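Report on the following structure.
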Amino acid sequence: MAKFAERMKRLGTETAFAVSAEAARYAEKGNKVYPFHLGDMNIKTPENIIAATKKAMDGGKTGYCSNYGIPELRKLLAEDINRSHGTAYETENVVIEPGGKPVILKSLLALMNPGDEVLYPNPGYPIYESQIEFHGGKALPYTFVEGEKGFKLDTEAMEKLITPRTRFLIFNNLQNPTGAESSHEELEMIAEIVRKHGFWVLSDEAYFDIRYEGKSESIVSFPGMEERSIILYTFSKKFAMTGWRLGAAVGPRGIVDAIAKINVNDESCSNHFVQYGAIEGLTGDQAGPREIVRVLKERREAGFEILNSIEGIRCYKPAGTFYFFPNVTKAMERLRCGDYAKFRKDALARTGVSFCTRLHFGRPIPGEKEKYIRLAYSGIDVDQIREGLTKFKEFVERE
Ligand code: PLP
């Protein structure tokens, strides 16, 4: 048995993949599965992006490219973000990455020393906690409170976590898994806290363009934020390109250069020809991304209606993202089930409905009483949503 390096003890994972493997094993036995567990997409990448990528391959864009990504894409992305954020980014503020996820690791590697403290959302994307701890940082969770209309960031509690060692705030507006979105006033308040204490912000904007009404707003748009923030950008969700692996880090030049240097040491560069597909995504016909949001919205309506009709379940309608994060405390009580794993496994065994629980989104915060599950509707069609959740309703409401 290999003796692994000490740091491996601190490396977490995305436990949703374990749920996925469990669902696959269940399906192999001939059972029907309703996949609500993974935030992957079963919607095809728009044809014009595929065509532009093929053309780039045929045209010989198959060698290495710059470790920063191709300049045309960097420039277009800077302009695209400037339009939605009111920022003044240039080509030099953008480094192309193999997905949005590597931006988490590389931002921390570039700026966080062992022992530095990082505030991160919990429940939240589990890779934050994993990467902070893997690189010797201290992960300090801030959380959300369930209000009348949805989840709200507990800014007061967040501010109490700040010390002279706080180095980073990881902030994911349009949040996975809660779907929480900060109001303009809340963003202003957070920006004020950041300016006052002078730390860095990693603004994870994976779902910035996945929204069904209203308009997304970024913390980076507030005064003084552009020079102390790194935007995690991804092509995965907006263009249904999860498996293509393409994203970017956008921020001050010095940090972009540091991340590009890490790229040389790691993957050398992001996939070359895929970047031409991304150019088409940004500049070509926008019918594709519009259709993606339309399909997701239809799924949201269907799922929301059934979930909220289930006795003991309370669910908010997310304005963005593709996740439901219903409160299932009473439903679990009803089934006399105090254990998340048992609830999840029983639901799978009896209905085929596969989902993640709160436990898949960071270590629970001491004193947490309410129980939540996460259902992703990015990888399941609307008729399957209706069929699966109707079975789930019968499972929860059974006498
Ligand atoms: N950030 C959040 C909050 C996510 O939910 C995801 C993916 O699910 C990512 C980042 C990373 O996505 P990708 O690496 O596909 O760009």
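We're numbering straight along the sequence, starting at 1. All values reported here derive from a predicted model rather than from experimental measurement. Numbering of ligands and ligand atoms starts at 1, following listing order.
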Go through the steps to decide whether K297 and E301 satisfy the test salt bridge (Lys or Arg N to Asp or Glu O under 4.0 Å), and finish with yes or no.
-> CA-CA 6 Å; K297 187 173 180 184; E301 303 305 324; 5.2 Å; no

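The backbone N or O of D204 lies less than 3.5 Å from a partner atom in the side chain of N172, making a donor-acceptor pair.
Closest to atom 2 (C) of ligand 1, if we only count protein heavy atoms, is D204 OD2, 3.4 Å. Of the protein's heavy atoms, Y125 OH, 3.6 Å lies nearest to atom 11 (C) of ligand 1. Scanning the protein for heavy atoms near atom 16 (O) of ligand 1, the closest one is T234 OG1, 2.5 Å.
Considering backbone and side-chain N/O atoms, N172 never comes within less than 3.5 Å of an N/O atom of ligand 1. For a threshold of 3.5 Å applied to N or O pairs, the pair formed by S236 and ligand 1 contains at least one separation below that value. For A206, no nitrogen or oxygen atom sits less than 3.5 Å from a nitrogen or oxygen atom of ligand 1, counting backbone and side chain alike.
Screening K55, E72, K54, M57 for a side-chain contact (heavy atoms from CB on, under 4.5 Å) involving Y276 leaves a single residue, E72.
Summarising the contacts of atom 7 (C) of ligand 1 with M41, K237, R245, the nearest heavy atom is found in K237.
Distances below 4.0 Å separate heavy atoms of G100 from the following atoms of ligand 1: 13 (P), 14 (O), 16 (O). Close contacts of ligand 1 with K101, meaning ligand atoms under 4.0 Å from a residue heavy atom, involve 11 (C), 13 (P), 14 (O), 16 (O).
Ion pairing of D80 with R83 is present here, as a side-chain N (NZ or NE/NH1/NH2) and a carboxylate O approach within less than 4.0 Å. Salt bridge annotation for E291-R294: present, with a cationic side-chain nitrogen under 4.0 angstrom from a carboxylate oxygen.
Contacts with ligand 1 closer than 4.0 Å are made by side-chain heavy atoms of Y207 only, the backbone lying farther away. Heavy atoms of Y128 found under 4.0 angstrom from ligand 1 belong exclusively to the side chain.
The two residues S66 and C269 come nearest to each other via the heavy atoms O-CB, 3.5 Å. Nearest approach of V33 to S354, heavy atoms of both residues: CG1-CB, 4.2 Å.
The distance between the ring centers of H360 and F355 does not fall below 6.0 angstrom.
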